[in-house]
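One structure is given below, encoded as C-alpha cells.
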Amino acid sequence: MLSTAVGLSIVIPAYNEGRRLERALPSLLAAVDVSATEIIVVDDGSADDTADVASSMLASLPLGRVVRLPANCGKGGATRIGVSQARGAAIAFMDADMATDPSGLGELLSALRSADVAIGSRAHPDSIIHDVSRSRELMGRGFNRLTRIAGGFDHRDTQCGFKGFRGPVAKSIFHLSRINGYAFDVELLLLASRLGLRVREVPVTWTAVPGSTVRPLRDPLPMALDVVRSSLRWRGFRPVPALTAVAPDGESHEVAAGLRAHLRAVDPVVPWERGAVALLPCTSGRQVERVASRLSRRLPGVAIQTTAVAPAHLIPRSGGLLRTALAA
C-alpha cells in the first residue's frame, strides 16, 4: 500500500467527451509539469471514443492514465473513483472541457498552503468570465442560494468544476460522500464544513464551452433534492476504515511516526492514548487486513488492530480525528 509520492494528482471525469478532450486536454498539459503530475481521466461508461482519445493523449506521460468504468455512474461517482486511485500530496479535479483555465492551478495549490480545500469561484471579484448564458447564470444563482441555506456555509460558487484538496482531505471526504450526480460538489463542501476544515475560494478564468451535459430546465430539481438529502443524513455516512497501533512501553508520537513511515502520505495518522490511529479512507476491507499484517511484521512490539471510525468521531466537537491528524 505504500506508494511513490506524487506532488499533484488531477482527476478528470469524462462522459462522452472525446471531441472536447481532444481540443481541451492540450491546455492542461501545457500548464503543468507532465513529468511530475499524475493525470487520471476517468471514462464514465462513455459510448464514444473518450477512452481512446484520452489514452492516446496521455500515452507518453509517465504519470498519465485512463480508468475505464463499465457503465455510467455519474460525475460524482467517476470523480470519487479517480480520487480513490490518486497518489498526490494534493489532489484536484477539473471538468473535461477545461472551461476553467488550467493556468489557475498554481493559485489553487498556493491556497492549500493555508487551507485544506481550495475551490475555484466564478463569483470571486478577481475572476474573469466569458460567454456565460443568461439561463445558466440564473440557474447557478438559484442553486447557490439553496446550497447556502441547506449547507449553512457562505461559499459564493459551489459548482465550478475546479477544486483542490490536500491529499488526506480528498481521500477522507470522498470516502464519506455518496452523491454520484452533479450536486456532488456541494456534498463535498457540506462534509468539509462538518469536519471543521478550512476552505478558501480562489479566482478563475472561466469560459462557457458549448456541449454541456447540464440541462438547465431538468437538472436543478434533482440536484436540489440531493443537496437537501445530504444535509440531513450526516449520521448515515459510512465509517472510515482504520488501524489502531498500541505499544505497551511506547510513546504515542513515536508510534504515530512509525505508522507514517510505512503508510501512504495520504493516510492521516494521529497520536492516540498509548499509540496512534491511522485512517485509511477509500480502502477495501481486504486491503486494510493486508496493511495490518504488513505493519505487524515491520513494527514488532506494536499491537496492530483493524477497526473503523464513525463519522461522528471526525467532527471537531468529538475530538476531530481528521483535523488533529492534518495538524500533526
Side-chain angles (χ1 to χ4, degrees), residues 1-9 36 38 63 80-81 83-91 112-113 116-117 165-177 191-192 194-198 235 237-328:
M1 187 166 176
L2 189 65
S3 59
T4 304
V6 175
L8 171 64
S9 295
E38 182 179 50
L63 297 173
R80 185 182 303 112
I81 290 170
V83 168
S84 73
Q85 299 190 26
R87 297 176 292 158
I91 299 173
L112 294 177
R113 295 173 187 166
D116 303 302
V117 182
F165 309 79
R166 295 174 64 184
V169 170
K171 296 285 186 179
S172 301
I173 288 183
F174 273 92
H175 175 90
L176 294 171
S177 70
L191 288 167
R194 297 286 197 281
L195 296 170
L197 300 175
R198 301 161 298 180
R235 293 185 180 181
F237 287 108
R238 55 181 175 161
V240 179
L243 295 173
T244 60
V246 177
D249 301 318
E251 200 270 334
S252 59
H253 287 278
E254 293 178 355
V255 177
L259 284 182
R260 291 191 190 100
H262 297 290
L263 291 173
R264 304 174 301 181
V266 292
D267 296 323
V269 178
V270 59
W272 196 258
E273 296 181 351
R274 290 182 295 120
V277 175
L279 303 177
L280 305 178
C282 298
T283 306
S284 70
R286 184 173 298 179
Q287 288 176 309
V288 174
E289 293 288 351
R290 287 201 294 265
V291 173
S293 177
R294 174 168 56 81
L295 289 175
S296 294
R297 295 192 301 271
R298 296 185 179 182
L299 299 173
V302 177
I304 305 291
Q305 290 189 331
T306 61
T307 185
V309 174
H313 293 299
L314 302 177
I315 61 178
R317 66 172 179 269
S318 300
L321 280 180
L322 179 58
R323 186 80 221 110
T324 305
L326 292 171

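Bear in mind that the values here come from a model prediction, so they are computed numbers and not experimental data.
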If you look at every heavy atom in [X] and [Y], which pair is closest and at what distance?
X	Y	result
Leu63	Ala36	CD1-C, 3.7 Å
Leu195	Arg323	O-CB, 4.4 Å
Pro268	Pro168	CG-CB, 3.6 Å
Gly275	Ser252	O-CB, 3.2 Å
Val255	Ala276	CG1-N, 4.0 Å

Qualifying residue for side chain to side chain contact (heavy atoms under 4.5 Å, CB included) with Ser172, from Ser177, Pro311, Pro281: Pro281
So does Gln305 have more than 12 non-hydrogen atoms from other groups sitting under 6.0 Å from CD?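 Atom CD in Gln305 is not packed in, count stays at 12 or less.
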Test Leu326 against Leu197 for side chain to side chain contact (heavy atoms under 4.5 Å, CB included), laying out the working first. CA-CA 10 Å; Leu326 292 171; Leu197 300 175; 3.8 Å; yes
State, yes or no, whether a side-chain contact exists between Val266 and Arg87 at a heavy-atom distance under 4.5 Å. no
Measuring only between side-chain heavy atoms, which start at C-beta, is Leu299 closer than 4.5 Å to Leu259?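 Yes, at least one pair of side-chain atoms sits under 4.5 Å.
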Using modelled atom types and a 3.5 Å cut-off, is there a donor and acceptor pairing between side-chain atoms of [X] and backbone atoms of [Y]?
X	Y	answer
Glu38	Val6	no
Arg260	Val269	yes
Lys171	Val83	yes
Ser9	Gly88	yes
His175	Pro239	yes

For the pair Leu321 and Val240, evaluate side chain to side chain contact (heavy atoms under 4.5 Å, CB included) and give the outcome as yes or no after the intermediate values. CA-CA 11 Å; Leu321 280 180; Val240 179; over 6 Å; no
I need the [X] [atom1] to [Y] [atom2] distance, nearest 0.5 Å.
X	Y	atom1	atom2	answer
Leu263	Arg294	CG	CZ	6.5 Å
Leu176	Leu322	CG	CG	8.5 Å
Leu279	His313	CG	NE2	11.5 Å
His262	Asp267	NE2	CG	13.5 Å

My understanding is that only residues two or more places apart in sequence, or in another chain, count here; which of them pass side chain to side chain contact (heavy atoms under 4.5 Å, CB included) with Ser293? Arg297
For side chain to side chain contact (heavy atoms under 4.5 Å, CB included), just list the numbers for Val288 and Leu243, CA-CA rounded to whole Å, side-chain angles, deciding distance to a tenth of an Å, and then say yes or no. CA-CA 8 Å; Val288 174; Leu243 295 173; 3.9 Å; yes
Test side chain to side chain contact (heavy atoms under 4.5 Å, CB included) on Trp272 and Thr324; report intermediate values, then the result. CA-CA 10 Å; Trp272 196 258; Thr324 305; over 6 Å; no
